[in-house]
Asks: 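Please read through the structure below; I'll follow up with questions.
Every heavy atom of this structure was used, including side-chain atoms; hydrogens, water molecules and symmetry mates were not.
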Amino acid sequence: LYRANYQSGEATVAVVESVGSCLRGTVSLIAMIVILLPFAIWLPGALLLSMLPVAYVVIVHAFRYHQWWQLSTERERRAEYYDWLMTSAEGAAEMRLFQIGHRMQEAYQAIRKALRFERLGLERKNAVATGLASLLTVAITGGAMVAMLYKVIRGALTLGDLVLCYQAFNQGHTVARTIVSEMGTILRSALFMGGLHDFLGTTPSIKSPESPVPFPDTLKNGISFSNVIFSYPGSTQRVLDKFDLELPANKTTVVMGMNGAGKSTVLKLLCRFYDPSAGMITFDGIDIRDFDPHDLQKSISVLLQDPVQY
């Protein structure tokens, strides 16, 4: 979800703008190619060849940056969490009372420092590669102009032709570089939008059965947890391990325990936000997975420990 939100809106606008710039640049580039063709049939090829090193650097950097960004997503989220703890009203009381603000600050600064160091490393590599690509571009451009100067010496071209050729080649080079830059923007934006497409393509793990059982209007026996085992997705630690609980109907039951004992997890399983890894949860003897999740959740009133003020 973080990746889907990150730059997804900006990426869409950037693609549209860059496509328009590429189209305008292509028209200008074709015009420069038409001007260069009478001087030498190979000049347009030299012009395009001079941009290949730069295009290669742009493409490689786009993929490297996106790969680094994917690997740093968890640390980015953690840094944002520390920032929220230190700056939000919700965490202000605990920060002052327990004097843990400096710990949050140190953790935040450590993550930001590591990310900044890695980002600078990427940019340094890109700067060196861009410099080398620019040298190759200059060499190709210089070679093309030397060949045109040789034609002037032989009398095949005039100095005016050489000036016009140089201006057209230089302008074509500028336009081609702009096209390459915009194509790099399109590539980077497309890679970022891939996170949004992946998120939209995910299917919920909690699904309604093909023939759901109607949820009872009134419970007669109650709710039962039988040998329930549960671990949160992405974790191997068992929050509930062979957990048993009986909640009789028409009675008020209080579930007490220390922090982290699994009280909130029990509530989430009752709401079927998750399914247990093993064991069974039943309502009047009917497996919770036999109900339509929407019918189940409409029949439950919940006050969560972190309610949102609407």
Asks: Return the CD1 to CG distance between Ile100 and Leu85, rounded to the nearest 0.5 Å.
Replies: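 One gets 7.5 Å once the value is rounded to the nearest 0.5 Å.
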Asks: At what distance, to the nearest 0.5 angstrom, does SG of Cys271 lie from CD of Gln297?
Replies: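 So the gap between those two atoms works out to 7.0 Å.
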Asks: What's the verdict on side chain to side chain contact (heavy atoms under 4.5 Å, CB included) for Val57 and Thr130, showing C-alpha distance, side-chain angles and the deciding distance?
Replies: CA-CA 6 Å; Val57 171; Thr130 301; 3.6 Å; yes
Asks: Show, in sequence, the C-alpha distance, side-chain angles and deciding distance for Asp83 and Tyr108, and conclude whether the side chain to side chain contact (heavy atoms under 4.5 Å, CB included) test is met.
Replies: CA-CA 7 Å; Asp83 177 74; Tyr108 174 82; 4.0 Å; yes
Asks: Between the side chains of Tyr232 and Thr265, is a donor N or O closer than 3.5 angstrom to an acceptor N or O?
Replies: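 Yes, because at least one side-chain N or O of Tyr232 sits under 3.5 Å from a partner of the opposite role on Thr265.
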Asks: Find out if a path of hydrophobic residues (ILVMFWY) with successive side-chain heavy-atom gaps under 4.5 Å connects Phe243 to Val255.
Replies: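 Per the 4.5 Å side-chain linkage, Phe243 and Val255 are co-clustered.
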Asks: How close do Ser18 and Glu182 get, counting heavy atoms only, and between which atoms?
Replies: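 Answer, listing the atom of Ser18 first, then Glu182: OG-OE1, 2.9 Å.
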Asks: Taking the side chain as C-beta and beyond, is there a heavy-atom pair between Val266 and Phe230 under 4.5 Å?
Replies: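 The answer is no; the side chains never approach within 4.5 Å.
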Asks: Look only at the side chain of Asp244 and the backbone of Asn227, and say whether a donor-acceptor pair between them is shorter than 3.5 Å.
Replies: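 A pair under 3.5 Å: yes.
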Asks: Please confirm whether the backbone N or O of Glu123 pairs with a side-chain atom of Asn126, one donor and one acceptor, at under 3.5 Å?
Replies: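 Not a single qualifying donor-acceptor pair exists.
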Asks: How long is the gap from CG on Asp161 to OG1 on Thr158, to the nearest 0.5 Å?
Replies: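 Interatomic distance, Asp161 CG to Thr158 OG1, rounded to 0.5 Å: 3.0 Å.
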Asks: For the side chain of Thr137 and the backbone of Ser50, is there at least one donor-acceptor N/O pair under 3.5 Å apart?
Replies: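 Checking the backbone N and O of Ser50 against the side chain of Thr137, a donor-acceptor pair under 3.5 Å is found.
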Asks: With a 4.5 Å heavy-atom cut-off, do Leu247 and Leu219 have their side chains touching?
Replies: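 Leu247 does not reach Leu219 side chain to side chain.
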Asks: Would you say Val175 ends up clustered with Leu52 if hydrophobic residues are merged whenever their side chains have heavy atoms under 4.5 Å apart, either directly or through other cluster members?
Replies: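 The answer is no; the residues belong to distinct hydrophobic clusters.
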Asks: Rounded to the nearest 0.5 Å, what's the gap from OG on Ser72 to CD1 on Ile111? Could you check?
Replies: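 Rounded to the nearest 0.5 Å, the OG-CD1 separation comes to 11.0 Å.
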Asks: Starting from Leu120, can I reach Leu115 by hopping between I/L/V/M/F/W/Y residues whose side chains sit under 4.5 Å apart?
Replies: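 Not linked; separate clusters.
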Asks: Test side chain to side chain contact (heavy atoms under 4.5 Å, CB included) on Thr185 and Arg188; report intermediate values, then the result.
Replies: CA-CA 5 Å; Thr185 301; Arg188 289 192 298 271; 3.2 Å; yes
Asks: If you link ILVMFWY side chains whenever their heavy atoms are less than 4.5 Å apart, which other residues fall into the same cluster as Val254? By chain and number, please.
Replies: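 ILVMFWY cluster around Val254 also holds Met256.
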Asks: Same hydrophobic cluster for Leu157 and Trp42, using side-chain heavy-atom links shorter than 4.5 Å among ILVMFWY?
Replies: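 Result: yes, single cluster for both.
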Asks: Please check this pair: side chain of Asp290 against backbone of Val213, looking for a donor-acceptor N/O pair closer than 3.5 Å.
Replies: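 Absent.
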Asks: Could you tell me the separation between the OH atom of Tyr56 and the CG atom of Leu132, rounded to the nearest 0.5 Å?
Replies: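 Rounded to the nearest 0.5 Å, the OH-CG separation comes to 12.0 Å.
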Asks: Under the 3.5 angstrom rule, does the side chain of Lys220 hit a backbone N or O of Asp284 as a donor-acceptor pair?
Replies: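 No, the answer is negative, given that no donor and acceptor are paired below the 3.5 Å cut-off.
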Asks: Does Lys151 reach the main-chain N or O of Ala40 with its side chain, forming a donor-acceptor pair under 3.5 Å?
Replies: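 Pair absent, no side-chain N/O of Lys151 close to backbone of Ala40.
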Asks: Side chains of Arg177 and Thr174: is there a donor and an acceptor less than 3.5 Å apart?
Replies: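 Short answer, no.
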Asks: Any non-hydrogen side-chain atom of Phe39 less than 4.5 Å from a side-chain atom of Leu162?
Replies: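 No. Closest side-chain heavy atoms not under 4.5 Å.
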Asks: Please confirm whether the backbone N or O of Thr282 pairs with a side-chain atom of Asp287, one donor and one acceptor, at under 3.5 Å?
Replies: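 Side chain of Asp287 to backbone of Thr282, a donor-acceptor pair under 3.5 Å: no, none is there.
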Asks: So, applying side-chain contact (heavy atoms from CB on, under 4.5 Å) with Leu269, which one of Val239, Ile288, Leu240, Asp275 is it?
Replies: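 The side-chain contact (heavy atoms from CB on, under 4.5 Å) with Leu269 is passed solely by Leu240 among Val239, Ile288, Leu240, Asp275.
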Asks: How about NZ on Lys263, more than 12 heavy atoms from neighbouring residues, nucleotides or ligands closer than 6.0 Å, or not?
Replies: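 Yes, the 6.0 Å shell around NZ holds more than 12 heavy atoms from other groups.
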Asks: I want to check something: taking the side chain as every heavy atom from C-beta on, are Met280 and Val228 in contact at a cut-off of under 4.5 Å?
Replies: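 In short, these two side chains do not touch, never coming nearer than 4.5 Å.
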Asks: Could you pull out the closest heavy-atom pair between Leu36 and Ala168, with the gap in Å?
Replies: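 For Leu36 and Ala168, the tightest heavy-atom pair comes out as CD2-CB, 3.8 Å.
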Asks: Between Thr73 and Gln70, is there a donor-acceptor pair closer than 3.5 Å when you use the side chain of the first and the backbone of the second?
Replies: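 The answer is yes, because a donor-acceptor pair under 3.5 Å joins these two groups.
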Asks: So do the side chains of Arg272 and Arg289 get within less than 4.5 Å of each other, counting heavy atoms only?
Replies: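 A side-chain contact exists here, since the closest heavy-atom pair is under 4.5 Å.
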Asks: Pairs in or reaching into residues 124-174: which pass ring pair (Phe, Tyr, Trp, His ring centres under 6.0 Å), with residues at least two apart or in two chains?
Replies: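 Applying ring pair (Phe, Tyr, Trp, His ring centres under 6.0 Å) to every pair that reaches into residues 124-174, excluding sequence neighbours, yields nothing.
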Asks: Please give the remaining members of the hydrophobic cluster of Val54, linking ILVMFWY side chains under 4.5 Å, ordered by chain and number.
Replies: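 For the cluster that includes Val54, the remaining residues are Met51, Val58, Val180.
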Asks: Check for me, please, whether Ile281 and Leu245 land in the same ILVMFWY cluster - side-chain distances under 4.5 Å, paths through other members count.
Replies: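 They do share one cluster, since a chain of ILVMFWY contacts under 4.5 Å joins Ile281 to Leu245.
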Asks: Shortest non-hydrogen contact from Pro248 to Glu246?
Replies: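 Answer, listing the atom of Pro248 first, then Glu246: CD-O, 3.5 Å.
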Asks: Take atom CE of Met183 as the centre, draw a 6.0 Å sphere, and report whether it contains more than 12 heavy atoms from other residues, nucleotides or ligands.
Replies: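 No.
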Asks: Count the heavy atoms belonging to other residues, nucleotides or ligands that lie under 6.0 Å from CD of Gln67, then report whether that count exceeds 12.
Replies: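 No, the 6.0 Å shell around CD holds no more than 12 heavy atoms from other groups.
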Asks: Going by heavy atoms in the side chains, are Cys165 and Met145 under 4.5 Å from each other?
Replies: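 Yes; the side chains approach each other to less than 4.5 Å.
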Asks: Kindly indicate whether the side chain of Trp69, heavy atoms from C-beta on, has any atom under 4.5 Å from the side chain of His66.
Replies: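 Yes; the side chains approach each other to less than 4.5 Å.
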Asks: State whether Glu118 and Arg75 are salt-bridged, where the test is any N-O pair (Lys NZ or Arg NE/NH1/NH2 against Asp/Glu carboxylate O) under 4.0 Å.
Replies: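 A salt bridge links Glu118 with Arg75.
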Asks: How about CG on Leu97, more than 12 heavy atoms from neighbouring residues, nucleotides or ligands closer than 6.0 Å, or not?
Replies: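 Result for CG/Leu97: enclosed.
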Asks: Taking the basic N atoms (NZ, or NE/NH1/NH2) and the acidic carboxylate oxygens, is any pair closer than 4.0 Å for Glu76 and Arg112?
Replies: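 Judged by the 4.0 Å cut-off on N to carboxylate O distance, Glu76 and Arg112 do form a salt bridge.
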Asks: Would you give the length of the straight line joining atom CD of Gln105 to atom OH of Tyr82, rounded to the nearest 0.5 angstrom?
Replies: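 Here the interatomic distance stands at 13.0 Å.
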Asks: Given the rule in the side chain to side chain contact (heavy atoms under 4.5 Å, CB included) test, do Ile286 and Phe215 qualify, once you have shown the distances and angles that lead to the verdict?
Replies: CA-CA 9 Å; Ile286 303 174; Phe215 192 82; over 6 Å; no
Asks: Between Ser231 (side chain only) and Gln237 (backbone N and O only), is there a donor and an acceptor less than 3.5 Å apart?
Replies: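 Such a contact is found between Ser231 side chain and Gln237 backbone.
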